[in-house]
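Given the structure is predicted, the values throughout are model-derived calculations rather than measurements. Side-chain atoms are counted along with the backbone in the values below, which use heavy atoms only and exclude waters and symmetry mates. Every chain is numbered from 1 and lettered A, B, ... according to where its sequence line falls, protein lines coming before strand lines.
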There are 2 protein chains.
Amino acid sequence: MTKTKRVTSYDVAKIAGVSQSAVSRVFQKGRSVSKKTREKVLATANDLGYQPNAIARMLITKRSGMVAVILSSRVNLIYPEVLSLLNKRLSEKDERVLLFNLDDAAGLDDILEHIWTFQLDGVIAIAAHFDNESINKFKKHQIPVVLYNRRVAGHSASSVCCNHEQGIFELVDILDNFDHKNYLVISGPTESDVALERCELAIRALANKGYKNVPVQYGDFTYKSGRHAFSEYMASHPPPTAVICGNDTMAIGVIDEARKNFGLRVPEDLSVVGFDGVNAVFWHSYQLTTIKQPVEQMTKSAVDILLEQIASPENPPQLRVWSGALIEGNTVGPARNEK
Amino acid sequence: MTKTKRVTSYDVAKIAGVSQSAVSRVFQKGRSVSKKTREKVLATANDLGYQPNAIARMLITKRSGMVAVILSSRVNLIYPEVLSLLNKRLSEKDERVLLFNLDDAAGLDDILEHIWTFQLDGVIAIAAHFDNESINKFKKHQIPVVLYNRRVAGHSASSVCCNHEQGIFELVDILDNFDHKNYLVISGPTESDVALERCELAIRALANKGYKNVPVQYGDFTYKSGRHAFSEYMASHPPPTAVICGNDTMAIGVIDEARKNFGLRVPEDLSVVGFDGVNAVFWHSYQLTTIKQPVEQMTKSAVDILLEQIASPENPPQLRVWSGALIEGNTVGPARNEK
DNA sequence: GTATATTTTGCATTCGAAGTCATTATTAAG
DNA sequence: CTTAATAATGACTTCGAATGCAAAATATAC
């Protein structure tokens, strides 16, 4: 029942026989304090169990030491990995992660309200949909943003992206070299910018090879939706020989559906490629050929850029693009072109 | 270059022709303000784009509106789901999530330091290892904690757990009914409390059925480690007929290893069970028989308990245990008992 | 109409550390 | 040993909202 009051810098000051300013200075780096007082203060601080109150510090310094990470969660198996790495990198730079889930009932506006009031140092938005209007709000509130895998028109915000073009083109090249002619694209949901980008690139890459009007089915990045998209297509079309999927999870769904409900062998009868390089692509039952998103570099860049923008807000927005690496699995083979 | 100053309650007060207190009261619920002033204030606040500064509020109210979630990440596919649900539930109660990853170089102590200085409202620790010493620190700092899937000796902290005993016993019952006699347990890493608990329960459940000295291999909850543990065991023992795994991901690894490198069919030659109920257990290539952790209820309870503790810190710690649900897959069958 | 109860209001203070500035102690240079 | 330069220190103010309290305004009862 003892409502222990917090130990403040004043308490320490009094006991150590110095001023509050002195105590404060001891807990800041690069401030001149004599060795004698520093030791005195540190000793009594330790005795009393004193630690500077971060909230009070935030109020006066106007830096919260917190970065918001906005996540459109669940959608993709790779996000947990991204989040974990971002957290790690930010911690190293002494920034905490305040997490926001965008897919909850509460929309973006709701999240933004919170971001303003919390005086965050910056924001990293993972594949969330931001239009220029939102970006302008950040400008107005003078909070740096870095978009992850999302570019915004006119380069008005910094972003770190996977080079989807390079990745998709590489996959299409491989398929084309195997003489595939009957393609199916299974895209992620139209609300997702990443999904749209990958889908358009696939269509463009195929067009370059001379394949126009490639059919597209839409899923929502989940396993189930991959299966469903494939069976939907099969219900009214002759089987394709190659399927290009918007992400790995759907690709795995396609493989299972093809094998189970259509008796197709992968890769003998059907080639399948995905995107992302999640752990499951290495599982023996799938061994998916896909592109690994360079998560390490991307998260590092995102944090670097963000910190730069925090330090020098007047710097122009940056764009950094990283190429993914091909994972050569076992789901691509020569086309079975029947005639 | 215009360093726009933040709009404060004083600014609004001056323009609206009221006192700062009045402005403050408008933005708190359950405070008496006349309709007239409320409207005036709200109008000018809107004009100026004023929003209360959360940091200043935290300082005076001593509530940060933030809850720390400590995650031992990566280890388990189910954590992202847990995190996402916790975030959602906490947002509904107007608490933000400050995320900490325990497996980074920075250890628990480092995280705790931050927790004290941030004056957090509470902490939810997901399967992190907390000893009584750590719990006592929380008591000293008067910060409520809820442990997720982790009990601490002497009920000194609240926790929400999956009923691993019921789950494991149910799985063992099923295997026993299929007349299995040669078991192998593949446990998660010894640093993990959940892993240890599941492993011990499996051993106890088997002992109840008369099987003593059941062999145990250790993995680290990953797919690879599941495969490796199984092949290690097979290298020097006759094949078991049933494998009980510490989680789903390792179970999937075992299935792949058994099929690929030992030509065993699942479930005809080998029965495999897991634990957690991650999405991948439904994938057609596996269809794992497992126990689904009741994540919905567990996260709800965790948040409920935490908020109760925040509201009434003097209340005793609570323990809530939820039973998992059996997922009847296709990886368990009659034992192939050769003699 | 007055007297009493109730709601609104503003003043002044508080939360806890950090920054400004003038003053004092210490060191280096001559 | 004096003078100049530098380092260390404390008093006071600041950040921005919330709150206890007394005064003022409004509502209710008689």
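Here salt bridge (Lys or Arg N to Asp or Glu O under 4.0 Å) pairs that include residues 20-33 of chain B, with residues two or more places apart or in two chains, number zero.
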Can you give me every donor-acceptor pair (side chain of residues 47-56 of chain A, partner residue at least two apart or in another chain, under 3.5 Å) with its distance?
{"unit_1": "Q51(A)", "atom_1": "NE2", "unit_2": "E113(B)", "atom_2": "OE1", "d": "3.2"}
{"unit_1": "N53(A)", "atom_1": "OD1", "unit_2": "I55(A)", "atom_2": "N", "d": "2.7"}
{"unit_1": "N53(A)", "atom_1": "OD1", "unit_2": "A56(A)", "atom_2": "N", "d": "3.3"}
{"unit_1": "N53(A)", "atom_1": "ND2", "unit_2": "Q119(B)", "atom_2": "OE1", "d": "2.5"}

Per-nt protein contacts along nucleotides 6-19 of chain C (heavy atom under 4.0 Å; B base, S backbone sugar-phosphate only, - none) come out as --BBBBB-BBBBBB
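The salt bridge (Lys or Arg N to Asp or Glu O under 4.0 Å) check on K300(A) picks up D304(A), with sequence neighbours excluded. In this structure H141(B) satisfies the ring-ring contact (aromatic ring centres under 6.0 Å, His included) test together with W116(B), sequence neighbours excluded. By the side chain to side chain contact (heavy atoms under 4.5 Å, CB included) test, A157(B) pairs with I135(B), L147(B), V152(B), sequence neighbours left out. For F100(B), there are no ring-ring contact (aromatic ring centres under 6.0 Å, His included) partners two or more places apart in sequence or in a different chain. Judged as a salt bridge (Lys or Arg N to Asp or Glu O under 4.0 Å), and not counting sequence neighbours, the contacts of R150(B) are D193(B).
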Dot-bracket for DNA chain D, 5' to 3', counting Watson-Crick or G-U wobble pairs under 3.5 Å, with [ ] for crossing pairs and | for inter-strand pairs?
-> ||||||||||||||||||||||||||||||
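Atom CD of E39(A) and atom C1' of dT9(D) are 17 Å apart (whole Å). dA17(D) atom P lies 17 Å from atom NZ of K29(B), rounded to whole Å.
Salt-bridge formation is not detected for the pair K137(A)/D131(A): no Lys NZ or Arg NE/NH1/NH2 atom is positioned less than 4.0 Å from an Asp or Glu carboxylate oxygen.
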